[in-house]
Amino acid sequence: MTTGDLSQPAITVSVQEADFDIARLQSSLLAGLAEEGAVATFTGYVRRDNEDRQVGVLELEHYPGMTESSITDILRQAAARWPLLRASVVHRVGRLLPGEQIVWVGVASKHREAAFSACEFVMDYLKTQAPFWKKERAGDSEHWVAPRESDNKRADRW
Amino acid sequence: MTTGDLSQPAITVSVQEADFDIARLQSSLLAGLAEEGAVATFTGYVRRDNEDRQVGVLELEHYPGMTESSITDILRQAAARWPLLRASVVHRVGRLLPGEQIVWVGVASKHREAAFSACEFVMDYLKTQAPFWKKERAGDSEHWVAPRESDNKRADRW
Amino acid sequence: MLNVLFFARVREQLGRASLELSWPEEGLDLDTLQEQLCCEHGDGWREVLAQDNIIRAVNQVVVAGNTDLHDGDEVAFFPPVTGG
Amino acid sequence: MLNVLFFARVREQLGRASLELSWPEEGLDLDTLQEQLCCEHGDGWREVLAQDNIIRAVNQVVVAGNTDLHDGDEVAFFPPVTGG
């Protein structure tokens, strides 16, 4: 697990094998804030099937160091575009089972517009910029997940 | 507390005085689903100040019956526009203190685009369509919160 | 019978949350109901109910403009909503 | 010294996760490094590294096009990312 804390606004990034507790993450996002108003979150789960293939196990590989710094950079970009109070990403790596939580993005802001936009922006950039690679296994077969063209288009919107 | 469950997709609405547990709400959103992928949530909190006024206590009035049915209608509209698996709204009424949770919107979908859009749509319509009224009290003074013009503009986008 | 409800600022300004009216044999529409309420309760009510942002709902559905009412209807007057 | 890393499909196709190269006195750029790797390891490597969606990063920052390298740099080759 790697954690970084950077002020103005506070940004937290964690890349970890362990599962995470969304209630605790949301409390941490708000802890000590003198003001809040809105929190938008996103939680991604391992699909049970992907493009008609059953998923048995998902293996998530990452680039230690670069993964954390690229997520930090994504969060800083979001904080430069919208008035955020806190922004946090937790992303799991290693072996995951269908239905398990993979990723959580939480953004606190005084206003919901900023919270929603920043949360969606971060997810779009995570999908296209952060060095993670998914491999699906089912029985004897294995399959690197291909990037979705629609993800690139969504990231290009911003 | 009033709860309604409607299928395809399952919609849940609760208007209640009691506080709520976001982790439990998110588990309920996913319980029994044969597939998921993405959950977008929004949590609104009582502001500590609003347009430079300190907020001591917030009183939330609603129109019992119409409030629940108008939220159900908003969720049905969202489900008609995006492919949702589940959508849920919890909204508190009564006396609330600054920093307390007021509202939670959770949307589960196979894809994050639908989850984000529907969650934001529901919040925009809640703000402008559901019969709730906020009154702020601070010391001896009290003040009905005025609707924000920007909220009407946001709801008109959809 | 008609059940008439007032919420939030409207409720406070009128000093009451609801009233019941017996159903008139000749029928009634929403604008006429509002005019009757103002006639019975005086200019204070007229001022409150004529505010141009007042929302009117019949049987818990917001109504734009005038509409016929029916025996047993629930009519509500309230200011713009501020939930969420 | 240069530290070269391979991830995901690239790592599997090359059959290794990393290698170290001593720093050449005459200097080196990214395209030249890639060409050297292909010359040393054969056409299998050339095929893998020449795939047009391969991403190259220097010191953990993605690089578009060629760039000069420096002694001590960390260079990585990987396929398009699929996190989130």
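Letters A, B, ... mirror the listed sequences (proteins, then strands); counts begin at 1.
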- Let me know if Q129(A) has heavy atoms under 4.5 Å from chain D in its side chain, its backbone, both or neither. backbone
- Query: Which bit of S69(A) is near chain D, if near means a heavy-atom gap under 4.5 Å: side chain, backbone, both or neither?
  - Reply: side chain
- Task: Identify which part of I55(D) has an atom lying under 4.5 Å from any heavy atom of chain A, answering side chain, backbone, both or neither.
- Result: neither
- Item | Max heavy-atom pair count under 4.5 Å with chain D, selected residue of E59(A), K127(A), M66(A) | M66(A)
- Query: Is it true that K134(A) and E61(A) have a side-chain N and a carboxylate O under 4.0 angstrom from each other?
  - Reply: no
- Task: Fit a plane to each ring of W82(A) and W158(A), take the angle between them on a 0 to 90° scale, and name the class: parallel (under 30°), tilted (30 to 60°) or perpendicular (over 60°).
- Result: perpendicular
- Would you please say whether a donor-acceptor pair under 3.5 Å links the side chains of D73(A) and S70(A)? no
- Message: Please verify the inter-ring angle class for F7(D) with W133(A); under 30° counts as parallel, over 60° as perpendicular, anything in between as tilted.
- Response: parallel
